[in-house]
Each structure stands twice: as structure tokens, then as C-alpha cells.
Undergrad: 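One structure coming up, written as C-alpha cells, with questions to follow.
This one's a predicted model, so the numbers in the text were calculated from it and none came from an experiment. Ligands are counted one by one from 1 in listed order, and the atoms in each one are counted from 1 as well.
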Amino acid sequence: MKAMSESKKKIIVVGGGIAGLTAGIYGRQAGYEVDIYEKNPIAGGQCMGWNRKGCHIDNCIHWLTGTKKGTSLRRVWETVGALEEHTEFADCDSFYTGITGNSCVTLWKDLERTESELLKLSPEDETEIKKFVEHVKYAEECDMPAEKPMDAFGISDYIHMGASMANMPKVMKEYGSIDLQEMAGRFKHPALKALFTDYLPKEYVASSFLVSYATITSGNGEIPKGGSLAMVNRMVKRFESLGGKLYCNTPVLRILIENKKAVGIETTDKKVMLADYIISSVDTMEMFGKLIGKKYMDAKWQSCYKDMDKYPLFSGVQAAFMVDQEVYDEKGTIFFDCPSFKIGERKVDRISVKGYEYEPEFAPKGKIVLQVNIPQFDKEYLYWKGLTKEQYKKLKEEAAAAIKERLLIQFPKLQGHIEFLDCWTPITYERYCNAYHGAYMSFITRKGVKSFRVKGIVKGIKNLYIASQWIMAPGGLPVAVTAGKFAIWRIARKDKKSLSMV
Ligand SMILES: Cc1cc2nc3c(=O)[nH]c(=O)nc-3n(C[C@H](O)[C@H](O)[C@H](O)COP(=O)(O)OP(=O)(O)OC[C@H]3O[C@@H](n4cnc5c(N)ncnc54)[C@H](O)[C@@H]3O)c2cc1C
């Protein structure tokens, strides 16, 4: 097949999630012609929201790393239009709250407030509490490199990074070789033990949790007003205003490879489009498994996908409800114990509910949306996957009813004031995003296991780049946005272009 026009080189991006849109925007800025092909009717992928019964259900942003002005990640979010100079953020004063027995404990945005409340609750945990708070302060320095890929770092880049995050090694030393379960085990008070395994899967290395909480306490992890869908729409607008073309409802069947070089794509309606470069921003198992073929999956990828004990993935069963605001006095995300029940073969005796009181526009006047998310791992995915259509529908309804029942036990005032909106599972993520086993983050970093990171190229295929949250654990929005930028950085460097636009 013939290459594209000589004047302006063309890039095709497969997938219009955060990574794909970012690649599109940086690609246009670097002077490439860019077309994005997205299977769904709208762009956004996992960063999504939808409407039910006059309410808006936000499926993604619990916190957006990189909201602090002056950080390199903030500059990337501004470049892609996700954040603007005056973007407003949700008025949230806590990370989350855990209720255990009669104790209610919150990780506040204000770290001093957290410290004093934790000490008041459990003076006998003083040493561990003070150590935790001290290391969260250290972790506030953590600034994700977003200028260029780390494999392109020179000595001066490392020196600069080391100097700006001088205290991070202390966090890694204290919390980088234990998981959250072990960290929780260091505390004596049952409410603190529960608190530290509430938010992230207990298999996560503890340092990830400290970095997450530090993102909140340092003001670098806000929620942009309007939520996930509004942010995606701003990015689409930026891409199109730069002259990029977004083709929705256009699933890609395969990436065309000739003489070990990616030369174009074929869509499911058998149309062939050629380009100088292809960027795959779809789930990487969709890419290896369907678009290019598993023979291109090297040992590093294979070992992760094969060893789910070492590299677990997670998804969730979620349910959303509309409630009368006057009978719901809580704020933020709350974890609480509940009568045990099964969700996809997983015994659940503690759940979380997130209230969207900070987004009045998400519900009719006087109402707010509540959402419950119950983690599901590979075993649960296989359970949901093995059901017939009828069983799936029935069990999903039962799950939603069981969740509602538990909300009513915890918050009895909701009786007669709560209406079911929607329920979705790992199968929903698989269907909507082609997400491998419904996972919406990349591989979990466990203690003692090397954190997964690859360059975003495919060995054996030239001109094919990967821009996806999957290229670096644990994935998430910051990884997706930098992966999109870095794919263009590599292409521009290959073409010997000025990297100032990237
Ligand atoms: C409930 C939930 C909460 C989350 N909370 C947070 C949070 O608070 N903070 C955070 O940082 N991250 C969060 N995340 C994770 C975040 O949403 C993802 O990390 C990110 O959106 C992934 O972006 P991506 O572009 O790499 O992949 P995706 O979003 O998966 O994008 C891939 C795109 O490719 C499309 N596609 C797939 N196959 C094809 C094909 N064959 N042809 C054409 N198009 C195709 C898909 O439809 C999709 O649009 C959350 C996710 C979920 C679901």
C-alpha cells in the first residue's frame, strides 16, 4: 500500500478515550493530520457519564491528579483543554470517611485536622498516626513527570526530579514494601484498621495509598466541576478546534501491518484508511488480541496478563440512586459495615456510598445522586461472564436491590425517599470500552512486585505507538493523558521535529 501525502504526515488514533484525545490534540499541535476512530457514539471511554431519570451519573473522576497550578501535569491538562485557567473545582473537604461500629473517622483534605481527629479517636496509635501524617506530607512532593517519557531522561532530568522529590524515598522506604493490609495491621483501633483498607484494594502497595491521599491534601487532586463527561467534551472541542477529525460509531477491526510496519487501519465496515503512523489507545488486550495479533505481545506483557496473582486487575459492580436531599445528611464518600451478601461470588460486608451533593446540576432540585461501588476482581468477572443473558439481568437486579437494602439499614431516613437509577458491572466496561475483564485501571502494584511500565511501542512493528493507561501501573487519568502526549513526543522526535509543541 502507498504511503500518505508527503506534505503533512497523517496519524490515525484508534480509540477516543483520554489517551486517544490527548494524542490527537498534541498531534495537531505538532503539525500532523490526525483522525481518531472511536467505536462508541461519543468519545471519553472510561472517563464517562450518562443520564437516567433526569439525573447525571458520573462514572469516573473521584480525583484528578494534576490540578495544582504550576505542576507539569497541570500544564498537560490545560494544553488538552481538560482544565482551563479558571476551571472551578468541586467543593469537597475530605478524601473519604469510614464508619466502624460507633466510630466515624475521616481523612480530611486538611491533614492537620485528620491528625488531630485520628489522635483523639485512638491515642494508643499515636506513633503510627504521626508517622502516617509525616509521610503523607513527604508524598505531597510527588509530581508525575509529564514533560517527556522517563526513558528519555538524561542525568540532569534525574537530578532535577530527585531534588524536587527529595523526601519521596522516605515514603518508599517506610511504605513501599508493605501492602495496605499490613499497613492497616499496624494500627490498634478497629476503625483505623478498616479505614486504611477501605479505599484502594488491600493488595495495593501502601505507598500508592499515601501518594493518593497526598494528592488530595496538597490540592493536586481536585474534581473539575461538571465531572467526567464535561471534561471529555472540553477535550473533544479542543481537538476539533485544532482541525482534528473524530469519527465516532466506527469500531476498528484491525491495524494493517506491511513489511513489519503499521500502515493503516480497517474498520468493521471494511473500510481501509492509510496513515504514516498509527497510535493504539484502546485497551492493550484489545490491541494485542484483536487489532494486531498476540504474536506481537512480548514476554513482559505476557507475564502480567498470565499472572493475575502478581498483577491483579479490578473492576466494580456499581449502583446509582436518586434520593431526597432533605433526608440525607451525609457528605462525600462513606464506607460502612453491612449485613454480609454476595456480589458475583464475592462476600461483601462493607460498602461505600458516594454522594454527589457537590454537583446540584446532576439531579433535579431537592434531590442528589448516590453511588455505590463494590470492587470486583478476576474471579468475579468470570462469574458475571459465565451467566446467560437472563441470569445476568436477574442477578444485576438482585445486586441493586441488596445494595439499596443496605443503604436503608445504614441511613433509615432514606426509606420512601430513594429511587433506583442504574446498575452496571465488569461486563458493562467490557462491552462499552472493550476493557479486558472489565478492568478500568491497569495492573495493581503489589508489594515485592516490580511496578509495570513499558515504553509504548510494539517490538517488531514500526510506526505503531501505544497511548493508553495500560503502559504504566496503576493506570488512571494521569497515566492516560501523559501516554497520549508521549506517543506524539516519540513520533515528533522520530521526524526530527521541534519538541517545543509537544
Ligand atoms: C468507576 C471509575 C472510576 C475511576 N476513577 C478515577 C479517578 O478518580 N481518577 C483517575 O485518575 N482515574 C479514574 N478512573 C480510571 C480512568 O477512567 C481511566 O484510567 C482512563 O479513562 C483510561 O483512559 P484510556 O484512554 O487509557 O482508555 P479508555 O478510556 O479505555 O479508552 C479507550 C477507547 O478506545 C475505544 N475502543 C476500544 N476498542 C476499540 C476499537 N476496536 N475501535 C475503536 N475504538 C475502540 C473505547 O471505546 C474507548 O473510548 C476511573 C474509572 C472508572 C471506570
Side-chain angles (χ1 to χ4, degrees), residues 12-24 36-49 57-67 73 77 80 82 95 144 199-200 212 215-216 221-224 227-229 231-232 235-236 246-255 265-269 279-287 289-292 314-318 320 333 354 371-376 424-426 428-436 438-442 456 466-484 487:
I12 285 180
V13 181
V14 186
I18 295 298
L21 289 169
T22 303
I36 299 178
Y37 290 87
E38 164 57 48
K39 76 184 251 301
N40 287 326
I42 52 173
Q46 309 268 18
C47 189
M48 188 38 55
I57 297 172
D58 188 339
N59 185 52
C60 180
I61 308 177
H62 293 69
W63 78 87
L64 181 72
T65 303
T67 51
L73 196 51
W77 287 122
V80 298
F95 190 21
M144 188 173 165
Y199 206 87
L200 296 178
S212 304
T215 309
I216 307 292
E222 307 282 346
I223 305 174
S228 310
L229 186 57
M231 186 174 95
V232 164
M235 291 176 70
V236 170
L246 170 65
Y247 298 95
C248 288
N249 284 316
T250 315
V252 172
L253 183 65
R254 60 194 179 104
I255 291 172
I265 57 159
E266 182 182 348
T267 56
T268 49
D269 58 358
I279 295 178
S280 171
S281 82
V282 301
D283 180 288
T284 40
M285 189 54 112
E286 166 78 0
M287 181 193 80
K290 294 193 192 143
L291 302 187
I292 59 172
F314 74 97
S315 183
V317 164
Q318 300 186 58
T333 300
K354 176 172 162 67
Q371 279 183 42
V372 172
N373 185 356
I374 296 173
Q376 301 275 277
W424 59 107
T425 75
T428 316
Y429 294 111
E430 181 183 63
R431 175 182 55 75
Y432 188 71
C433 289
N434 286 334
Y436 179 65
Y440 54 73
M441 298 282 288
S442 166
I466 308 174
S468 158
Q469 64 158 335
W470 285 90
I471 65 169
M472 191 168 106
L477 296 165
V479 178
V481 80
T482 48

Undergrad: Does Gln318 have a heavy atom less than 4.0 Å from any atom of ligand 1?
TA: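 Heavy atoms of Gln318 do come under 4.0 Å of ligand 1.
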Undergrad: Does the residue Trp470 have a heavy-atom contact with ligand 1, meaning some pair of atoms that are separated by less than 4.0 Å?
TA: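 Per 4.0 Å heavy-atom rule, Trp470 does not contact ligand 1.
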Undergrad: For ligand 1, which part of Lys39 has a heavy atom less than 4.0 Å away: the side chain, the backbone, both, or neither?
TA: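 Lys39 to ligand 1: contacts from backbone and side chain alike.
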Undergrad: Report yes or no: does Thr65 have a heavy atom closer than 4.0 Å to ligand 1?
TA: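 No, Thr65 has no heavy atoms under 4.0 Å from ligand 1.
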Undergrad: Number the atoms of ligand 1 from 1 as they appear, then name those within less than 4.0 Å of a heavy atom of Pro478, with their elements.
TA: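 Counting atoms of ligand 1 from 1, those under 4.0 Å from Pro478 are 11 (O).
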Undergrad: Using a strict cut-off of 4.0 Å, indicate which atoms of ligand 1 neighbour a heavy atom of Ile61.
TA: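 Answer, ordered by atom number: 8 (O).
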Undergrad: Can you find a pair of side-chain heavy atoms, one from Asn40 and one from Cys248, that are under 4.5 Å apart?
TA: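 Of all side-chain heavy-atom pairs linking Cys248 with Asn40, none is under 4.5 Å.
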Undergrad: Would you check, one step at a time, whether the test side-chain contact (heavy atoms from CB on, under 4.5 Å) holds for Ile279 with Ile466?
TA: CA-CA 6 Å; Ile279 295 178; Ile466 308 174; over 6 Å; no
Undergrad: So if I count the atoms of ligand 1 from 1 in the order they appear, which ones are less than 4.0 Å from some heavy atom of Gly476?
TA: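 With Gly476 as reference, the close atoms of ligand 1 come out as 11 (O), 12 (N), 19 (O).
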Undergrad: Under 4.0 Å, heavy-atom basis, I'd like to know which part of Met441 is in contact with ligand 1: side chain, backbone, both or neither.
TA: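 Near ligand 1, Met441 shows its side chain, while the N, CA, C and O stay back.
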Undergrad: Check each atom of ligand 1 against the heavy atoms of Gly45 and keep those under 4.0 Å away; list them by number with element.
TA: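 Here the atoms of ligand 1 in question are 29 (O), 48 (C), 49 (O).
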Undergrad: What is the nearest protein non-hydrogen atom to atom 40 (C) of ligand 1, stated with its residue, atom name and distance?
TA: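 Sorting protein heavy atoms by distance from atom 40 (C) of ligand 1 puts Val252 N, 3.8 Å first.
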Undergrad: Suppose I only count heavy atoms of Tyr429 and a 4.0 Å limit; which atoms of ligand 1 are within that range?
TA: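 Taking each heavy atom of Tyr429 in turn, ligand 1 has 1 (C), 53 (C) under 4.0 Å.
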Undergrad: Quick one: does ligand 1 sit under 4.0 Å from the side chain of Asn59, the backbone, both or neither, non-hydrogen atoms only?
TA: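 Answer for Asn59: both.
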Undergrad: Establish, from distance only, whether the side-chain atoms of Tyr429 and Trp424 form a donor-acceptor pair under 3.5 Å.
TA: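 Looking only at side-chain atoms, Trp424 and Tyr429 do form a donor-acceptor pair, the distance falling under 3.5 Å.
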Undergrad: Give the contacting part of Ser281 toward ligand 1: side chain, backbone, both or neither, where contact means a heavy-atom distance below 4.0 Å.
TA: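 The part of Ser281 near ligand 1 is the backbone, not the side chain.
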Undergrad: Does any N or O of ligand 1 fall below 3.5 Å from an N or O anywhere on Leu291, backbone included?
TA: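 Between Leu291 and ligand 1, no N or O pair is found under 3.5 Å apart.
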Undergrad: Show which atoms of ligand 1 fall inside a sub-4.0 Å distance from at least one heavy-atom site of Gly17.
TA: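 Ligand 1 atoms under the 4.0 Å threshold to Gly17: 25 (O), 31 (O), 33 (C), 49 (O).
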Undergrad: Of all the non-hydrogen atoms in the protein, which one sits nearest to atom 35 (C) of ligand 1, and at what distance?
TA: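 Protein heavy atom with the smallest distance to atom 35 (C) of ligand 1: Glu38 OE1, 3.2 Å.
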Undergrad: Determine whether Leu291 and Val14 satisfy the following criterion, side-chain contact (heavy atoms from CB on, under 4.5 Å), listing intermediate values before the conclusion.
TA: CA-CA 10 Å; Leu291 302 187; Val14 186; 3.9 Å; yes
Undergrad: In terms of residue, atom name and distance, what is the protein heavy atom nearest to atom 25 (O) of ligand 1?
TA: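 Among all protein heavy atoms, the one nearest atom 25 (O) of ligand 1 is Ala19 N, 3.0 Å.
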Undergrad: Honestly, is Lys39 close enough over Tyr247, meaning NZ or CZ under 6.0 Å from the six-membered ring centre and within 45° of the axis?
TA: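 No cation-pi geometry.
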Undergrad: Quick test: of every protein heavy atom, which one is nearest to atom 11 (O) of ligand 1, and how far off is it to 0.1 Å?
TA: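 Result: Leu477 N, 2.8 Å.
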